[in-house]
J.: 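Please read through the structure below; I'll follow up with questions.
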Amino acid sequence: MTLVKVDVDSLRAVASGLSSTADTVEDLYFSMRADASQLSLSAASLNAVPDHVQDLRDESDFASAKADWIVLINSGDSGTTQDTGEISVEVPGEEPSTLMQLEFALGVAIADLGTSIASSDHEEGDPRIGALNDYLIRWGDNATVTTALFNNLGPDGTLAVTQAIGDHVGFTYRADEEESRTAQTTLRNLPSAPEKAPQARTPTHARTFGQDLVTASEHPDPDSDYYELGTRTESLAWLLYDADDASDAFIQGAAEAMEEIEQARTANGYPGSWGWTGPSRFLPAMCDEADEDWALDVPSVIMHDLGTHPNAAHGFFTGDENRVPYWAGEHPYQGDLSGIAAAIDAASTYAPLRSTDPQGPASIAALGLEALTSRDGFGTERDQHGTEGVQSLGHILETYMPSVVDAYANGNNTTDRPGGAMTYTLTDAVGNSYAHCPWFSAATLDSALGVVGRDGQAMLDLRAAVNTAEA
């Protein structure tokens, strides 16, 4: 143990002063370089200034992190915080001496705060929720802090602290307006952090973290401090909701774990059971009203994530030939079909993927469109069965318009593909050949166009694509 004694006010003052000085020096640096350029003078003597500015910022961050770290260590599990004046506290091991060591130690201390929240009984108006939110605001963009935070929480702890915070929204326990607002703000700041943390590590770590997060939600560790909390599917849905900032590896890992769990459930005769016991604790208060048709269903959420991560979608769907037929055509979504439509769209139309692997995206387009339109009742009801994915369907057709035109021109009235292939080489009316074109049947296109035709903008976009193809 090492005794550390600091004056928190002095540390924060130093941090503020160094940050202000760095800003001033940087502004002068840019101004002087601009003046030198106008006067055709050398600015070589200023070359070292950016490094000095960074040193000032690092020293500022060190002082700020040390103040927060000491306050956190001193508060323990009580939630009672002394954040001014002189603090003396014993810390395990040696006192951190570098910025990276201190940021890592701070991440561990924030994780300990989260653990104390998740593993203790619910306390109305718990001050630790607001404290955690403050630290997430200040350090949620710091890769070292967030990596240490979520490494120490682990997937199980991350889900548990999400649920514990959600209990302060007011659905499960009584909460006044301020407590509910603080809990909702903390929940909104929480998802971005685990998504950013894996990006600071290797893709392998990020993929594993995504896999483990999904697995932990369905199969809690019986030896965990949080085991009695039960399954945490609602927490998982929130952490993966609107995950645009997450890495491709993280999202693909989550999708692969979902696939593994779904296969086991299907084998046992109960596919699609991704709900949670009892009423929602917080999620309906958090998601956008427009997303309510799918945000409470984990597979739908993950498909939407794949829809914003084309590389992850491509990797997922090409990883097993059965994934497109099952997820596009068979899985009983509790939400609507907008997520799977977006995922198929992303995997099949993303230009860089079509350049590096033209066969893969085209095959996904052919099989995905056929599977979607083959669903029972697809396109027969105004508010479901495909209409919610109209923009995605339209985009797939626009991207592969030569195949659409060729299907109708050649009367593809059977679902039997020539040679059984998903793609073919298309030859147009003037003899131009196009390799790796998805093969569509007229029946598949009729169903898809029946849905696209209900949306004015999608139909206008499609008409423009037809004009281009026929030009």
Side-chain angles (χ1 to χ4, degrees), residues 77 79 110 113-137 140 150 153 155-195 213-214 216-220 224-243 254 258 272-302 304-305 333-336 338-339:
D77 295 336
I110 297 173
L113 174 61
T115 297
S116 72
I117 294 171
S119 59
S120 58
D121 293 336
H122 180 85
E123 176 187 342
E124 186 174 340
D126 192 338
R128 295 173 298 179
I129 305 297
L132 178 60
N133 184 52
D134 290 341
Y135 291 120
L136 289 173
I137 291 172
F150 290 101
L153 275 178
D156 199 34
T158 300
L159 292 162
V161 73
T162 301
Q163 179 173 307
I165 296 167
D167 283 344
H168 291 265
V169 170
F171 287 12
T172 307
Y173 298 93
R174 184 178 64 183
D176 61 25
E177 183 178 347
E178 181 179 355
E179 180 180 357
S180 178
R181 183 169 56 250
T182 299
Q184 291 183 52
T185 302
T186 307
L187 285 170
R188 294 191 192 286
N189 287 325
L190 190 63
S192 62
E195 291 155 8
L213 196 66
V214 174
S217 75
E218 291 301 301
H219 305 297
S224 166
D225 292 338
Y226 322 108
Y227 183 67
E228 293 184 1
L229 294 175
T231 59
R232 291 174 286 283
T233 312
E234 185 174 10
S235 296
L236 177 67
W238 172 244
L239 290 170
L240 294 176
Y241 173 75
D242 193 21
M258 171 191 68
S273 303
W274 286 88
W276 45 85
T277 303
S280 294
R281 293 171 179 265
F282 61 88
L283 192 53
M286 304 300 299
C287 62
D288 293 340
E289 184 177 353
D291 300 337
E292 288 180 353
D293 287 339
W294 57 265
L296 305 185
D297 178 50
V298 169
S300 295
V301 171
I302 291 178
H304 274 277
D305 290 337
Y333 293 98
Q334 303 304 306
D336 61 28
S338 59

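Quick note: numbers below take in every heavy atom, side chains included, and nothing from hydrogens, waters or symmetry partners.
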J.: E179 side chain to E124 main-chain N or O, any donor-acceptor pair under 3.5 Å?
T.: no

J.: Taking all atoms of both residues into account, what is the closest heavy-atom pair of Y333 and P299, and its distance?
T.: CE2-CB, 4.1 Å

J.: Rounded to the nearest 0.5 Å, how far does OG1 of T186 lie from CD of Q184?
T.: 10.0 Å

J.: Do side-chain atoms of D288 reach the backbone of A290 as a donor and acceptor pair under 3.5 angstrom?
T.: no

J.: Distance check, rounded to the nearest 0.5 Å: S300 atom OG versus Q334 atom CD?
T.: 8.0 Å

J.: About how many Å separate CG of L236 and CH2 of W274, when rounded to the nearest 0.5 Å?
T.: 7.0 Å

J.: Please check if any side-chain donor atom of E178 sits under 3.5 Å from a side-chain acceptor atom of T182, or the reverse.
T.: no

J.: Can the ring centroids of Y241 and W294 be said to lie less than 6.0 angstrom from one another?
T.: yes

J.: How far apart are the closest heavy atoms of G339 and D336, and which atoms are they?
T.: N-OD1, 4.3 Å

J.: Ignoring hydrogens, what is the shortest heavy-atom contact between A118 and A164? Give both atom names and the distance.
T.: CA-CB, 3.8 Å

J.: Report, as yes or no, whether the 6.0 Å neighbourhood of atom CD on E289 holds more than 12 heavy atoms from other residues, nucleotides or ligands.
T.: no

J.: Kindly compute the distance separating CG (L159) from CG (L153), expressed to the nearest 0.5 Å.
T.: 10.0 Å

J.: Would you check if the side chain of R232 reaches a backbone N or O of Q163 as a donor-acceptor pair within less than 3.5 Å?
T.: no

J.: If you compare all heavy atoms of F171 against all heavy atoms of P284, which two are closest, and at what distance to 0.1 Å?
T.: CE2-CD, 3.8 Å

J.: So, taking the atom named CD in E234 and the one named CE in M286, what distance separates them when rounded to the nearest 0.5 Å?
T.: 10.5 Å

J.: Where do V214 and M258 come nearest, in terms of heavy atoms and distance?
T.: CG1-N, 3.9 Å

J.: Compare every heavy atom of L132 with every heavy atom of V161, then report the nearest pair and how far apart it is.
T.: CG2-CD2, 4.3 Å

J.: Determine whether V169 and L187 satisfy the following criterion, side chain to side chain contact (heavy atoms under 4.5 Å, CB included), listing intermediate values before the conclusion.
T.: CA-CA 9 Å; V169 170; L187 285 170; 3.9 Å; yes

J.: Of all residues at least two apart in sequence or in a different chain, which pass the salt bridge (Lys or Arg N to Asp or Glu O under 4.0 Å) check with E177?
T.: R181

J.: Drop me the distance from L283's CG to T162's OG1, to the nearest 0.5 angstrom.
T.: 11.0 Å

J.: Report yes if the side chains of I137 and N133 come closer than 4.5 Å at any heavy-atom pair, otherwise no.
T.: yes

